[in-house]
Colleague: 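Once you've had a glance at the structure underneath, I'll fire off some questions.
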2 protein chains.
Amino acid sequence: MESETKNNTCPFRLRASRDALEIIQGKWRIPIVISLTYGTKRFGEIQRDIGDVSPKMLSQELKALEENKIISRTLYDSMPVTVEYSLTPLGQSMNKLLDELLNWGNHFRKEIVG
Amino acid sequence: MESETKNNTCPFRLRASRDALEIIQGKWRIPIVISLTYGTKRFGEIQRDIGDVSPKMLSQELKALEENKIISRTLYDSMPVTVEYSLTPLGQSMNKLLDELLNWGNHFRKEIVG
DNA sequence: TATAGCAGTTACCTATGAGTAAGTAGTTAC
DNA sequence: GTAACTACTTACTCATAGGTAACTGCTATA
């Protein structure tokens, strides 16, 4: 058991949500992580998965996710240079969060869009 | 059973995540919802809970959440006008999503901040 | 030789998110 | 009568997010 300083207090929950939101924030980070839950992918594959992300934004957000240890970038020095992106264990730990996000997204769509 | 058109396909998950992100996006919406999970509250109470939100942003984001049917606003015509905000059933349905967000936020903090 | 693909980068522009400060209208407490 | 609280609104500003378009250097293919 952890020390029972209630982890349900409002200030505690607010701080935790801010930590998470800082990483998640933006239009493209979650979509990128979702794309990578299907396995290691290359720049162009992620771009095609998402469909409407520009190379500029994709590059920028991949860097941010790498800095936050959510994804890892591997460069293969093959002759047409190959780069592969994949989720780190920390990135994989977003599994349940993503599931709930998707669950709720569907629920919301059914309720509102009808 | 639902029709088994795989709800796990990448395009399906991307669409669902976008629906959810559109509502969640921004610095203040999740904190507001978290504050209201502790029950019906008034403008000033939410502001004090969150601590560093300006009345302008709070007012703006409360309106957005109301438009999306996440919260409801009730005006009491008592003599100093009283306004109360509370979660709708749709807002309450964010429960699990919030839990996972907070779980992951804590996990992230432990992993990175150390 | 030319076209297309890979993995981006760079420059430029605009829209929006968010902060600051002050004001409003009514009421209550000192 | 004046200060303070309630629930905001308005005006102004700045920084960032995000979009568009063009360009880079390399290689493979027709």
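All values below come from the heavy atoms of this structure, side chains included, with hydrogens, waters and symmetry mates left out. Computed from a predicted model, the values in this text were never measured in an experiment. Sequence lines set the chain letters: A, B, ... in the order given, protein chains first and strands last, and positions in each chain run from 1.
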Colleague: Taking salt bridge (Lys or Arg N to Asp or Glu O under 4.0 Å) as the definition, give me every residue that meets it alongside B:Lys41, ordered by chain and number, with sequence neighbours left out.
Modeller: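 B:Lys41: salt bridge (Lys or Arg N to Asp or Glu O under 4.0 Å) contacts with B:Asp49.
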Colleague: Sorted by first residue and then second, give each salt bridge (Lys or Arg N to Asp or Glu O under 4.0 Å) pair with at least one member in residues 81-103 of chain B; sequence neighbours left out.
Modeller: A:Arg13-B:Asp99
Colleague: Suppose we screen for side chain to side chain contact (heavy atoms under 4.5 Å, CB included). Which residues come up paired with B:Glu22, at least two apart in sequence or across chains?
Modeller: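 By the side chain to side chain contact (heavy atoms under 4.5 Å, CB included) rule, B:Glu22 matches no residue at all.
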Colleague: Give the residues of residues 38-51 of chain B touching DNA chain C, defined as any heavy atom closer than 4.0 Å, sorted by residue number.
Modeller: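 Of all residues in residues 38-51 of chain B, none places a heavy atom under 4.0 Å from DNA chain C.
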Colleague: The criterion is side-chain hydrogen bond (donor to acceptor under 3.5 Å, both in side chains); which residues satisfy it with B:Arg109, sequence neighbours excluded?
Modeller: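 Counting only residues at least two positions away or on another chain, B:Arg109 forms a side-chain hydrogen bond (donor to acceptor under 3.5 Å, both in side chains) with A:Asp19.
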Colleague: What verdict does the side-chain contact (heavy atoms from CB on, under 4.5 Å) test give for B:Trp104 and A:Ile23, after you've listed the backbone C-alpha separation in whole Å, the side-chain angles of each residue and the deciding distance to 0.1 Å?
Modeller: CA-CA 11 Å; B:Trp104 190 81; A:Ile23 308 305; 3.9 Å; yes
Colleague: With sequence neighbours excluded, tell me which residues meet salt bridge (Lys or Arg N to Asp or Glu O under 4.0 Å) with B:Asp52.
Modeller: A:Arg18
Colleague: Nearest whole Å is fine: how far is D:dT10 P from B:Leu58 CG?
Modeller: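 Spelled out: CG on B:Leu58 to P on D:dT10 is 16 Å.
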Colleague: To the nearest angstrom, how far is A:Asp77 atom CG from C:dA7 atom C1'?
Modeller: 13 Å
Colleague: Could you pull out all residues at least two apart from B:Thr74 that satisfy side-chain hydrogen bond (donor to acceptor under 3.5 Å, both in side chains)?
Modeller: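 Partners of B:Thr74 by the side-chain hydrogen bond (donor to acceptor under 3.5 Å, both in side chains) criterion come out as none, since no residue qualifies.
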Colleague: Within this structure, what is the CG-to-C1' distance between B:Leu75 and D:dC8, rounded to whole angstrom?
Modeller: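 Taking atom C1' of D:dC8 as the reference, CG of B:Leu75 is at 12 Å.
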Colleague: Among all residues two or more places apart in sequence or in another chain, which pass the side-chain hydrogen bond (donor to acceptor under 3.5 Å, both in side chains) test with A:Ser86?
Modeller: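 So A:Ser86 forms a side-chain hydrogen bond (donor to acceptor under 3.5 Å, both in side chains) with A:Ser72.
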Colleague: Taking protein heavy atoms under 4.0 Å as touching, what does nucleotides 11-30 of chain D look like 5' to 3' if B marks base contact, S marks sugar-phosphate-only contact and - marks none?
Modeller: B------BBB------S---
Colleague: Looking across every strand, which nucleic acid part, if any, lies under 4.0 Å from A:Tyr76 by heavy atom: base, sugar-phosphate, or nothing?
Modeller: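 Nothing: the residue A:Tyr76, judged by heavy atoms under 4.0 Å, touches no strand.
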Colleague: Test of understanding: with side-chain hydrogen bond (donor to acceptor under 3.5 Å, both in side chains), list the residues that count as partners of B:Thr82, not counting sequence neighbours.
Modeller: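 side-chain hydrogen bond (donor to acceptor under 3.5 Å, both in side chains) check on B:Thr82 returns B:Ser78.
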Colleague: Over how many whole Å does the gap from A:Glu22 atom CD to C:dA18 atom C1' extend?
Modeller: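 Roughly 15 Å, once rounded to whole Å.
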Colleague: Give a yes or no on whether the backbone of A:Gly26 and the side-chain of B:Gln25 come within a donor-acceptor separation of less than 3.5 Å.
Modeller: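 Present.
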Colleague: Rounding to an integer number of Å, can you tell me how far B:Ile30 CD1 sits from C:dG17 P?
Modeller: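 Going from B:Ile30 (CD1) to C:dG17 (P), I get 16 Å.
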Colleague: Going by number, which of residues 65-74 of chain A have a non-hydrogen atom under 4.0 Å from DNA chain D?
Modeller: none
Colleague: Which donor-acceptor pairs under 3.5 Å do the side chains of residues 55-65 of chain B make with protein atoms, sequence neighbours left out?
Modeller:
{"from": "B:Glu61", "atom 1": "OE1", "to": "B:Arg29", "atom 2": "NE", "distance (Å)": "2.8"}

